[in-house]
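Read the structure below first, then the notes.
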Amino acid sequence: MKILIAGSGAGAQALAWKLLQDPAVEKVWLAPGNPATSCAPGMENIPVSSGDVEGLARAALELKADFTLITPTQTLAAGVADYFKSRGLPIIAPTREASQLEWSKGFSKKFMKKYQIPTPYSAICESQEQARKFADTLPLPVVIKADGMVHGGTGVVIAQDRQHVESTLKEFFTRNVGPVLVEEFIEGEEVSYTILFDGKNYLPLAESRDYKKLLDGDKGPNTGGMGAYSPVLSSAQHEAIITQIVEPCLAALNSEGIEYTGFLYFGVMIDKKGMPSLLEINCRLGNPEVFTILERLESPLHELFILTLQKQLDKANVRWSKFVSVALQISSEGYPFTERKGDELTLPLLSEDTHIFHSSVVSDDGKLISNGGRVIALSSIALTFSEAREKLYETAKQVHFDAMHYRTDIALNINTPSECD
Ligand code: GLY
C-alpha cells in the first residue's frame, strides 16, 4: 500500500511513522515533508507544497497513491477534498464546506447553537464596541476568539481583567481577523476527543489532554498546545461526551446535509458538575494530542483509513495500548507571538519508547535549523505517567538550540488509570 500525506509538520511525520509500522504499507510520500521524513525508511519527500491542491492531485495520480491524507487546515479550506473527489481520487479529508467547522469559529458556534449542543454562552461581534458591550455582561475571565484561521494558536485569548479584554479586542479588530467571538469562560477539565468518521459510522480514538498555556502552572498566553497526555477520561465521562457532544454533532451534520469524511476533533470542557461543553471543533487530529494518540494505537492505521473510504468503520476492531503516553512541544523564544527562526538544532539518539517529530525544521547543508515558533515535539509511552514523563524529559534535556523553551509540568502528578483501580 502506498499513501500520500500533505504536510511538513510533526503531525504528518507522526502519521507516516505510524502507517509504516505495518508491513502492508510499503511507501509514504510527504508533500513536502521535513528533514526527518526525507531520510526515514519507507518515507520520501516530494517537492509539492502542502497547499497546492492541483499539485497534490497530480502527485496522487502519478504516484498511484492508494489514498491521500491532509494535515494542514488551510489545505482543507482550499477545497482539496472537493477537488480530489471531482477527479475520483481517494482522500481522507472533509470538504471545504464541512471544514468551516474549524476555520470559521462563527460558523461552528452557529452550528452548535442551532442544534442545542452544549457550548459556552457567547456572541459573534462585528465591532469592537459591540464586543466590549457583550464582554461587560460576562464575568471574568472572558474568552476572545478570532473568527478565521490564525497561525500558531494566537487566535484565542483568555482575558483575566477588563483592561486585558479591551486591549485584546483592540488588537483583534486592528489586526482585522474578521468577526470576533466573545465567550464565557468555563472552569473544568479540558479534553480533546477525536473521532474518525466515514460519513455514516464513527470510531472514537484515544482521548488526550492538551496543555494550551505557554508556561508551567497554566500561566502565560494561549498557544497551539505545549504538551499532552493520554488517557484522560473515566467511562462515565466518555459516555457523557458521546451522548451529549459527538452524536448530536453527527446528527446535526446529517440534518444540514454536510457530508463529512475524516478526523473530527471536539475540544470539550467538563465542568465541575461533570457536564461536557463543546469549546471548539477541529477537522484534523490535534497537535500535540496526535502523538499521544498514535503512541497508544496498536492496530494497523491504514486499515482504519481503508474502512473509512469504504464507509465501513463499524467493522473496525481497534486496539489501544494499556500503556500511557505523554507528549511535549518544544518551542522557540517569542512563540506564540513571533516566529523565531534560524537556530541550529542538536537532537539526541532515541530509545525505543521515545520519539521526536519535526514541527518547524529545515535542513541546511546537513544541519537542522529551526524554522518557526513550534520547533519539535517529543512523545513517549510507558506503563505509568511518571515513567513516561521521565523518558520524555530525559530526552528533552538532550535537545539543544538557542532560546528553546518547554514546559516542565506536562502530566505531572497525573494518576495512571491502573493506579486508580
Ligand atoms: N492542540 C490543539 C489543536 O491542535 O488545535
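All ligand and atom numbering here is 1-based and tracks the order in the structure.
- Ser104 places no side-chain N or O within donor-acceptor distance of the main-chain N or O of Gln100, the cut-off being under 3.5 Å.
- Arg209 places a side-chain N or O within donor-acceptor distance of the main-chain N or O of Glu190, the cut-off being under 3.5 Å.
- A ring-centre distance under 6.0 Å is not found for Tyr265 and Tyr193.
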When you check ligand 1 against the protein, what N or O pairs turn up below 3.5 Å? List the atom names and distances, or just say none.
from	atom 1	to	atom 2	distance (Å)
ligand 1	1 (N)	Asp210	OD2	2.7
ligand 1	1 (N)	Gly224	O	2.8
ligand 1	1 (N)	Asn287	O	2.9
ligand 1	1 (N)	Glu289	OE1	2.9
ligand 1	1 (N)	Glu289	OE2	3.3
ligand 1	4 (O)	Arg284	NH1	2.9
ligand 1	4 (O)	Asn287	N	2.9
ligand 1	4 (O)	Asn287	O	3.4
ligand 1	5 (O)	Asn282	ND2	3.2
ligand 1	5 (O)	Arg284	NH2	2.9

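- Residues Pro204 and Ile242 meet the side-chain proximity criterion, which asks for heavy atoms closer than 4.5 Å.
- Nearest heavy atoms, Ala12 versus Leu30: O-CD2, 3.8 Å.
- The pair Lys391-Asp353 meets the salt-bridge criterion, with a side-chain N (NZ, NE, NH1 or NH2) lying under 4.0 Å from an Asp/Glu carboxylate O.
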